[in-house]
Amino acid sequence: MKEALTSLLEQSLSNLVTQGLVPECPGLTPQVDHTRDASHGDLATNLAMVLAKRAGMPPRDLAKAIITALPDNTLIARTEIAGPGFINFFLNQASHVDVIRQVLGAGPTFGTSAVGAGRKVQVEFVSANPTGPLHVGHGRGAAIGDSLCRLLSATGWTVHSEFYYNDAGQQITNLARSVQARALGLTPEDDDWPADGYRGTYIADLATAYQARSTVSAADRSITALGDIHDLDAIQDFSVAWLRREQDLDLKAFGVTFDEYFLESSLYESGAVNRTVAALEQGGHTYEQGGALWLRTSDFGDDKDRVMRKKEGDYTYFVPDVAYHLNKWQRGFERVINEQGADHHSTITRVRAGLQGLAEGIPQGWPEYVLHQMVTVLRDGEEVKLSKRAGSYVTLRDLIDWVGRDATRFFLAARSASSQLTFDIDLALAQSNENPVFYIQYAHARICSVKRKAVHHEANWTPESGLEHLDRLVEPEALALALLLTKYPGVVAAAAQQLEPHAVANYLRELAAAFHGFYNAHKMVDESEEGLSLARLALAEATRQVIANGLALLGVSAPETM
RNA sequence: CCGCCCGUAGCACAACCGGAUAGUGCAACGGCCUUCUAAGCCGUAGGUUGCAGGUUCGAAUCCUGCCGGGCGGGCCA
């Protein structure tokens with residue numbers, strides 16, 4: 001609809017240029033927007049105000065000229081010049097309801113597009129190290145990252161989702177020592193407890209499982225415990241697998257899966273880390289100082305240089321990160337999106353600097369990042385700290401258990417990633433039945449109920465048969481609802497393009513409200529009004545389809561009954 | 001001291017990337033079920049968009065400076 005009007009305006013413009021009223025403006029596409037207020041029409045453009053200066057005409061006069069130059073069409077009932085020079089378009093009835101036919105025809109694919117053209121994009125998210133259960137922050141990353149995958153896929157990209165984790169390193173050694181200490185009967189309160197040990201109760205469970213010689217299977221590995229509490233390597237291998245399985249269960253409960261799990265250790269084993277360092281040295285981007293090897297990241301926009309290899313000979317964390325991203329590039333991902341917590345934002349400059357130093361032709365802004373701000377968890381009015389070591393943090397599993405999967409996903413994905421987020425446990429509990437997600441799901445279930453009713457009423461009362469009676473839809477509530485449906489493809493396209501899943505959530509809330517209003521104002525199934533009832537059924541079904549499509553993008557279920 | 005993010009109604013958040021009278025949910029108040037799901041609808045109340053300037057037809061949005069909050073600025077990850 002927007003596109004149709006934009007094209008009409010472009011024709012009007014070229015007419016005006018021909019007449020010499022307006023200078024040529026290459027690259028200018030008229031901006032058509034949905035209005036906020038129905039009294040401003042269905043759609044509006046600010047074109048006259050944008051062009052007024054260049055045309056040397058008052059905006060309202062120019063608006064009049066633009067309208068006069070519009071080609072004949074069947075879409076617009078009337079136009080209006082308003083305020084400082086807006087042109088408001090009032091669509092005719094047929095233009096409003098035509099979308100119903102489109103939605104029913106396209107079904108689950110309504111709103112999808114092919115802008116990605118099948119190109120490869122990799123989305124890395126969660127990437128928690130296997131040292132504890134997933135916390136709320138990981139949950140936010142999972143909700144946003146998974147939704148991004150769905151959005152990109154819906155807009156024609158070939159999406160590869162990936163989870164990267166460190167299965168060796170110092171943190172993992174601490175983990176193994178902690179489990180060993182538990183197995184030896186120590187508790188975090190004892191003096192002999194490892195200095196940087198993990199204190200959570202899951203460590204005790206892990207120690208018990210290890211000593212019981214349990215077998216655990218995670219998404220990417222399976223192992224049986226040896227049970228020898230003096231074999232630190234064995235404890236470490238088992239612990240990693242055990243925690244990977246815990247995280248898998250959390251993600252599964254959250255409805256999130258990955259195409260690939262990538263191990264940091266593999267970058268060392270394959271020699272990729274060493275090759276990366278060698279390439280950076282050859283490129284002349286490194287120097288030695290104080291016994292350490294430094295990378296001149298300041299040549300690439302960092303405010304100071306960074307250590308790559310410590311005095312002791314170990315690499316710092318961002319070196320394997322650079323090697324990892326080179327690997328992504330070599331796998332052919334022209335586009336890579338990393339979704340991670342904002343506390344890691346300083347790695348962006350370093351990783352990009354390292355990649356530039358490799359001179360592999362990697363674009364400067366590659367990879368892209370979506371950073372989500374921290375989640376603050378309130379309980380009893382007090383902040384619960386998200387400390388992995390403390391073991392007292394709120395886990396993703398806790399949230400799912402308390403408020404349910406759908407509400408948790410919606411809550412975490414329905415807000416802009418760049419905003420800090422307060423997750424008030426008590427509020428979430430108290431409002432679990434009044435969460436916005438239920439409002440949307442309820443609209444879906446209601447429509448399903450109406451359809452059941454209609455089918456029982458008369459054999460031929462199906463939404464599809466309503467397509468012949470769309471001219472019966474004339475009430476403001478019906479037309480407003482139909483107009484909202486036309487916005488959906490644009491919402492999906494914008495959300496995918498801007499990497500903002502929360503736009504879909506906001507739209508769905510708006511759509512559900514429009515439906516609830518329509519439902520309450522008009523009887524859907526009325527035996528004395530067959531044509532009208534059928535038309536309303538068609539509109540309801542189109543609404544249901546869009547709600548289902550939108551909820552799917554957020555990974556939220558669309559129940560048929562509630 | 002420097003960098004990134006943020007500041008919108010009592011609370012949690014939106015605002016189609018510069019548009020018209022700043023919205024939604026919760027909380028508060030008043031109505032609506034003998035009829036399709038009341039997890040709903042209709043209405044009332046609630047705001048100097050942190051503060052002060054600037055840019056322009058037009059600013060919550062862009063620029064500058066303050067104030068306040070979060071996260072970074074480790075040879076930690």
Side-chain angles (χ1 to χ4, degrees), chain A residues 2 31 33-37 39-40 44-46 49-50 52-53 58-59 82-86 88 129 131 166 169-171 196 290-294 302-304 306-318 321 341-349 371-374 376 378 411 414-424 427-428 430-443 445-454 457 487 490-491 494-495 498 500 502-503 505-507 509-510 512-513 515-526 533 536 540 561-562:
Chain A
K2 258 191 198 179
Q31 187 187 339
D33 287 312
H34 288 267
T35 58
R36 203 177 307 206
D37 189 329
S39 69
H40 295 143
T45 182
N46 59 0
M49 291 180 290
V50 174
K53 197 167 275 179
F86 289 101
N88 296 336
N129 284 341
T131 54
N166 176 357
Q170 190 56 43
Q171 307 269 14
D196 290 321
L293 182 68
W294 295 69
D302 206 350
D303 51 358
K304 58 183 172 188
R306 308 289 169 175
V307 169
M308 296 173 68
R309 193 172 57 221
K310 308 177 210 168
K311 259 188 310 212
E312 295 77 20
D314 297 335
Y315 293 114
T316 55
Y317 73 94
F318 85 94
D321 263 8
D343 55 338
H344 290 99
H345 87 265
S346 62
T347 69
I348 297 175
T349 315
L371 299 181
H372 63 260
Q373 295 295 317
M374 298 292 94
T376 308
L378 287 183
F411 194 90
R415 285 142 168 79
S416 151
S418 61
S419 290
Q420 289 164 51
L421 170 57
T422 303
F423 204 123
D424 188 325
L427 200 64
Q431 294 179 358
S432 61
N433 269 356
E434 289 158 36
N435 192 297
V437 73
F438 294 108
Y439 183 80
I440 297 164
Q441 290 178 318
Y442 186 59
R446 245 184 172 176
I447 296 169
C448 291
S449 171
V450 168
K451 279 169 61 185
R452 285 191 294 270
K453 184 97 178 173
H457 189 269
K487 285 179 73 171
V491 169
Q498 291 157 28
E500 291 185 339
H502 79 276
N506 289 331
Y507 167 80
R509 201 150 44 191
E510 202 182 340
F515 175 76
H516 285 309
F518 174 56
Y519 176 92
N520 268 273
H522 304 290
K523 196 166 161 67
M524 309 293 291
V525 178
D526 182 351
S533 294
R536 286 176 176 164
T561 59
M562 281 178 79

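Chain naming here is simple, since letters A, B, ... match the order of the sequence lines and numbering starts at 1 in each. The basis for the numbers below is simple: all heavy atoms, side chains too, and nothing from hydrogens, waters or symmetry mates.
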Fill in the blank from the handout: Closest of B:G73, B:G40, B:C16 to the A:His34 side chain is B:C16
Handout entry: Any strand: nucleotide that pairs with B:U37 via Watson-Crick or wobble, under 3.5 Å
Key = none
Problem - N/O donor-acceptor pair, side chain A:Gln498 with base B:C17, under 3.5 angstrom - result: yes
Handout entry: Length of the line joining A:Asn506:CG and B:C16:P, which is rounded to integer Å
Key = 10 Å
Handout entry: base_contact_polar (B:C16 base, A:Glu510 side chain, donor-acceptor, <3.5 Å)
Key = no
Problem - Heavy-atom side-chain proximity of A:Met524 to A:Lys453 below 4.5 angstrom - result: no
Fill in the blank from the handout: Picking from B:A20, B:C75, B:C36, the nucleotide nearest the side-chain atoms of A:Lys311 would be B:C75
Handout entry: Per A:Leu421 side chain, nearest of listed nucleotides B:A77, B:G40, B:C13
Key = B:C13
Problem - B:A77 phosphate, OP1 or OP2, under 4.0 Å from A:Lys310 side-chain N/O - result: yes
Problem - Heavy-atom check, side chain of A:Val525 versus side chain of A:Val450, under 4.5 Å - result: yes
Exercise for the section: Considering only atom C1', compute the distance from B:G69 to B:C32 and round it to an integer number of Å. Expected result: 44 Å
Exercise for the section: Quote, to the nearest angstrom, the P distance that separates B:G19 from B:C4. Expected result: 24 Å
Practice task
For A:Gln170 and B:C75, give me the distance from atom CD to atom P, rounded to whole Å.
Solution key: 16 Å
Exercise for the section: Please measure how far the P atom in B:G30 lies from the corresponding atom in B:A14, and state the result in whole Å. Expected result: 32 Å
Problem - Nearest-neighbour nucleotide for the A:Ser418 side chain, B:U37, B:C6, B:C75 considered - result: B:C6
Handout entry: Donor-acceptor pair (no angle test) under 3.5 Å: A:Asn46 side chain, B:G19 base
Key = yes
Handout entry: Listed nucleotide nearest any side-chain atom of A:Met49, set B:C16, B:G19, B:C75
Key = B:G19
Problem - P-based separation of B:U49 from B:A22 [nearest Å] - result: 10 Å
Exercise for the section: Determine whether any donor atom in the side chain of A:Asp33 lies under 3.5 Å from an acceptor atom in the base of B:A20, or the reverse, and answer yes or no. Expected result: no
Handout entry: Inter-nucleotide P distance (B:G25, B:U44), Å rounded
Key = 13 Å
Exercise for the section: Verify the contact: side-chain N or O of A:Arg36 to OP1 or OP2 of B:A20, cut-off strictly under 4.0 Å; return yes or no. Expected result: yes
Exercise for the section: Take atom C1' in B:G40 and the same atom in B:U24, then report the distance between them in whole Å. Expected result: 16 Å
Completion exercise
Regarding the side chain of A:Thr35, the nearest nucleotide among B:C75, B:G73, B:A20 is B:A20
Practice task
Among B:U21, B:G74, B:G19, find the nucleotide with the atom closest to the side chain of A:Asp37.
Solution key: B:U21
Handout entry: Nearest-Å distance for atom pair CZ/P, residues A:Arg415 and B:G7
Key = 14 Å
Practice task
Nearest whole angstrom, please: distance from the P of B:A77 to the CZ of A:Arg306.
Solution key: 14 Å
Problem - Under 3.5 Å donor-acceptor pair, A:His345 side-chain atoms to B:G3 base atoms - result: yes
Practice task
Answer with yes or no whether A:Tyr317 presents, from its side chain, a donor or acceptor under 3.5 Å of a partner atom in the base of B:A77.
Solution key: yes
Handout entry: Same-atom distance (P) from B:A60 to B:G7, integer angstrom
Key = 14 Å
Practice task
Return the minimal non-hydrogen interatomic distance between A:Pro59 and A:Gly85, and the atom names on each side.
Solution key: CB-CA, 4.3 Å
Completion exercise
Here the distance between atom P of B:U24 and atom CD1 of A:Ile440, to the nearest Å, is 15 Å
Exercise for the section: Measure from the side chain of A:Ser346, starting at C-beta and using heavy atoms only, and say which of B:C75, B:G72, B:C5 lies closest. Expected result: B:G72
Completion exercise
Of A:Lys53 and A:Arg309, the one whose nearest nucleotide on RNA chain B sits closer to the 5' end is A:Lys53
Problem - Candidate nucleotides B:C13, B:U35, B:A14, ranked by approach to the side chain of A:Ser416 - the nearest - result: B:A14
Exercise for the section: Rounded to the nearest angstrom, tell me the gap between atom CZ in A:Phe438 and atom C1' in B:A38. Expected result: 16 Å
Exercise for the section: Tell me which nucleotide among B:G25, B:U21, B:A12 gets nearest to the side chain of A:Pro436. Expected result: B:G25
Completion exercise
Rounded to whole Å, the CZ-P distance (A:Phe318 to B:A77) equals 11 Å
Handout entry: Side-chain donor-acceptor contact under 3.5 Å, A:Asn129 with A:Thr131
Key = no
Exercise for the section: Flag as yes if A:Tyr439 stacks onto the base of B:A39 (centroids under 5.5 Å, planes under 30°), otherwise no. Expected result: no
Exercise for the section: Provide, to the nearest angstrom, the distance between the CD atom belonging to A:Gln373 and the P atom belonging to B:G3. Expected result: 17 Å
Handout entry: 5' precedence on RNA chain B between A:Gly291 and A:Gly83 (nearest-nucleotide basis)
Key = A:Gly83
Exercise for the section: Name the orientation class of the two ring planes belonging to A:His522 and A:Phe518 (parallel below 30°, tilted from 30 to 60°, perpendicular beyond 60°). Expected result: tilted
Handout entry: Spacing of the P atoms in B:G53 and B:G70 (rounded, Å)
Key = 28 Å
Practice task
Kindly say whether A:His516 contributes a backbone atom to a donor-acceptor pair with the side chain of A:Asn520 at under 3.5 angstrom?
Solution key: yes
